[in-house]
Amino acid sequence: MSTAALHAEHEAHHEHKESFISKYVFSMDHKMISKQFLITGIIMGMIGMIMSLLFRLQLAWPDDQFSIIEMLLGKWGVDGKLDPNFYMGLVTIHGTIMVFYVLTAGLSGTFSNLLIPLQVGARDMASPFMNMLSYWFFFMSSVVLLISVGVETGPASGGWTVYPPLSALDKAMPGSGLGMTLWLVAIVLFIVSSLLGGINYISTVLNQRTKGMSMNRMPLTIWAFFFTAVLGLLSFPVLLGAGLFLIFDRSFGTSFYLSDIYLEGVGALENIGGSPVLYQHLFWFLGHPEVYIILMPALGITSEVISNNARKPIFGYTAMIISLLGISFLSFIVWGHHMFITGMNPFLGSVFMILTLIIAVPSAVKAFNYLTTLWRGNLRFTPAMLFSIGLVSFFISGGLTGIYLGNAALDIQMHDSYFVVAHFHLVMGSAAIFGMFAGIYHWFPRMYGRMMNNTLGYFHFWITFITAYLVFFPMHFMGLAGVPRRYYQFTLVEDFDVWVDVNKLITVSAIIAGFAQLLFLYNFFISIFRGKKSAQNPWGANTLEWTSPIDVRLHGNWPGELPTVYRGPYEYSRPDREEDFFPQHIPDESAPEVLETEKSKKAPAEKEAEAETSVFFAAVKRVFGLG
Amino acid sequence: MAAADVVEAPQEFNPSAWDWNTILTLSLILLVILVIARAFDIGSLTEKISGKRIVSSHKINGWIAIVFLVLGLIGVWYEMVYHGKYVMVGNAASEHGATYDSMFMWTFGFTFVVFIVTEVLLFYFMFRYSYREDRKALYYFHNNKLEVIWTIVPAIVLTFLVLRGFNTWSKITSSDNEDAQEIEVFAYQFGWKARYAGADGKFGDNSFTFISGTNPLGLAVEGSVDELTQSLNDEIAALEALVASADDSAAVWKARLVNFEAQGRQRAYPEEYKKIREMAMDAESGAYVRGLEKEIKRKSTNVKRIAKFRADEKMFNKAGYDDKVVTEIVLVKNQPYVFKFRARDVIHSAYMPEFRAQMNCVPGMSTQFAFTPIKTTDEARAEKGNPEYDYYLYCNKICGAAHYNMKIKITVVDNQAQYESWLAQQAPVVAPVEAPAAPVAPEAPAAPETPAVAIN
């Protein structure tokens, strides 16, 4: 009796036992957990977006009253005018939600959970129970954070980085009271969730790969999730330490971050000997890798989607992995570029500047590789493909401004200006959210067995893409003109009057972008129930997730034996094949030695391509007079 | 400020109309989009039934990409022309500003070329290679030569930028000029003060423990510090009395609460009720006394620390009595300065964009920034064509509710004489002849809005 049959029997038994609770609530099936992460992430994303629209209204029309603000915020919006303290609270919670709850948990949690077992050919995560805990810690964390918005003294309001002493002293601002305590509790729960998930992702990738799935045949999505999990595992504990010290300072009278403070209305405090800058070091030791924890899964998804829809192998598979590895490594030693002007030793500043600018090299390699993948492809514009291309565009636009900000000298002027806001909203905000959308559109059939509506997807993409640029592009100019971020209004500085119109444009664009997300929500939820039934492999993809039955919900992913893998995931448009894709699990009839490498035999089309590139080189040589 | 408010009445999109009408309009727009989407679906359905392709969505998206590219480039150009002129480049008011601006232009040059080339290629490829059934993509998975090139070329460009940046950074941060005049800039929630050394050119010592209402910078001034000790001791005595009578007060609060509830006034006066209930609960649980004891401990620590410093004669050497604490910074053109920053409560950041200068002000840590102004306020006014124009130092690190309005004026004057006549008008920390024990409230004779020297 084969193991498959045994397993099938086990499965049948298992199915029989599943109750509603164990199937939908405390599920240990990675596919269900990924849906839980996704839905929670979408809800948090909507909340974060609505918050941003509220403070955008304030920035665009600081002298007007909005009944909607009073309706939604009550005492924080008396007479339809946003309270300055609550403005800070909104900014803080918007940042926290977007960075941690949407783009870390919502993106990584969803797609790592869905794709790691399915794409490496595993029946589930290494520890399904820990995986379930990971979601429920995340859920608790989200609930605590949302509760903190409603407390009497308002939510945490020191910015999403919550620098002490502002965040450590409840008399420094109202938001540093109970709201800040709850923020810290939420983040501690979040870190637990993230660590439980990360350990699982790493051990699944390392141990649970199916036969033939060597590391160098893994899809780039898996590589990206893998590096992301390693980054999270190494950096989140540091944030936990930073958070615990902050909790001690707040509640137990320690002085890790506090020294020489006199507070209006309180007097001189007892704390001496601490350093507020210590917190910044600890925070950014997580904070910088966190940027890549957000971005890398999006890049992985993009690699997969672009290759699949260009019907073309991803260009430079190995280079893509090495650049991911390089980015991961460098991300740990560049945190100081957030602190050039904290007063740290200028020599340290120069070291961080050099290390930071090196990151531009692997990033450039990635961008060029995406472009070359598109070159002479046969581009199918599914919504997922459009969002991936949008990501590449944002990655370039936002990445290039990083070269300004990573330069310590230029940072003197640009630090904490709107230029920074523009930079990170493009390169990690918009880019990562576009990666998430690409993932949702692409793997929706895999999750729900149905298709999303393409046309609505096109509208969603183009409106969001255009408005995102309209929102963030003008901000560069504001920043370069010296407009500081996190200002409640600009009317008190005459010099900033020229930006009133720009602020209005930004807010109107943001509102339109908000409405475009309603298209997505409608499309998403309607398609779950009423979408067109999906084919088994709707995108003609090579990877293993499309071999597991799409129409039945199966805990264990494959009914019989696990598929065996014969080649890498990006064999699209092979000249020797009739079809333009060649799934990983199908043995090559024409070549019995399935382990034959790509290098041993050059396909004719590649020669053609090399001929073309040599023409290119000849042209370059002629232009520069080298030939 | 009020005038500014009046001027910028909303123009095109009236937000006060942001009521149900607007919401309805926007919903209508949404509906139209949905209808168009439906129409597309019908189109694709017709295609399926008739078996004929009407128009491929791939082609449409390819065309939209080209339109986006063209409009996007026009948008970039528009922004460069219409908002680029506000960008602070080439008009720095400080000596190192020119170095800074040239660093900026080099970075801009490289990144702008890359930006245009890559974005054009991206959208052109979208258009050029959109899906056709009769075509097969090129099977092309790597080319070492190409990959090496686009690793090395960015690396070379970045090496150049790094070296240049390193030079600029070193030049800006290591300007330890002997002639530089020191000015202390003090940040607090929510404002700035500056301190100039008096005739002796020396700053008096200070400590955060000396800060009081009459001594906002915590300067070592005997009278003021003794007064503070006295008032702290008074406060401690008052708090101790409260602790002693805590049992009584607990009973009083409880009686009040019972009384309040008996009279059924909870609903009519919810605020008072909440307060009384909280006080009664705190009193009963002992939180009230613990709070008082914490206060006492804090204040007596402060008293002890003051006493320790007070014995230090070097600290109270009266060097700072002629210091001048002012609410406006006046600088002389071409004179090098070192700003020494101090923060009272939370982190602030001193941001002077016109001077290409910024430095955080961190409690418990002294930071500094050195620069030389090279353009007077009058020159800046003439350049901008705005006779009202002034330099400001803004707060650029989130510090609380009024963060957005925390600034101090910087005036750059043409020559030393103007500066000295301004400084002479400022009151010293302790008036020289009159009874030395009575400190003058430093900010009391608030500096005139525009100093006489700044007027032409």
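Each chain gets a letter, A, B and so on, in the order its sequence line appears, and its residues count up from 1. Keep in mind it's a predicted model, so treat the numbers as computed, not measured.
Closest heavy-atom contact between B/Cys361 and B/Thr367: CA-OG1, 4.2 Å.
Both the backbone and the side chain of B/Met103 come within less than 4.5 Å of a heavy atom in chain A. Contact of A/Ser157 with chain B is made through the backbone alone, with heavy-atom distances under 4.5 Å. With a 4.5 angstrom heavy-atom cutoff, A/Tyr572 touches chain B only via backbone atoms. Contact of B/Phe369 with chain A is made through the side chain alone, with heavy-atom distances under 4.5 Å. Contacts of A/Met339 with chain B are absent, with no heavy-atom separation under 4.5 Å from either backbone or side chain. B/Ser212 touches chain A through its backbone: at least one of N, CA, C or O sits under 4.5 Å from a heavy atom, while the side chain does not. For A/Asp411, the part lying near chain B is the backbone, with the side chain staying farther off; criterion is any non-hydrogen pair under 4.5 Å. Neither the backbone nor the side chain of B/Tyr124 comes within less than 4.5 Å of any heavy atom in chain A. Residue contact with chain A, scored on non-hydrogen atoms closer than 4.5 Å, is absent for B/Tyr188. For chain A, no part of B/Leu232 is nearby; none of its heavy atoms comes within less than 4.5 Å. For chain A, the nearby part of B/Asn386 is the side chain; its heavy atoms alone come within less than 4.5 Å. In this structure, chain A has heavy atoms under 4.5 Å from both the backbone and the side chain of B/Thr111. At a 4.5 Å heavy-atom cutoff, the contact between A/Leu374 and chain B is made by backbone and side-chain atoms alike. Only the backbone of A/Ala310 has a heavy atom closer than 4.5 Å to any heavy atom of chain B. Heavy atoms closer than 4.5 Å to chain A are found in the side chain of B/Val362, but not in its backbone. With a 4.5 angstrom heavy-atom cutoff, B/Ala357 touches chain A only via backbone atoms. Neither the backbone nor the side chain of A/Ile512 comes within contact range of chain B; no heavy atom of the residue lies under 4.5 Å from a heavy atom of that chain. Only the side chain of B/Lys299 comes within contact range of chain A, with heavy atoms under 4.5 Å apart. Heavy-atom distances place both the backbone and the side chain of A/Asp580 under 4.5 Å from chain B.
Across A/Leu371, A/Leu269, A/Leu470, the residue that shares the most heavy-atom pairs under 4.5 angstrom with chain B is A/Leu371.
In this structure, B/Ser207 contributes its side chain and B/Thr209 its backbone to a donor-acceptor pair below 3.5 Å. Judged by distance alone, the side chain of B/Lys171 and the main-chain N or O of B/Tyr100 form no donor-acceptor pair under 3.5 Å.
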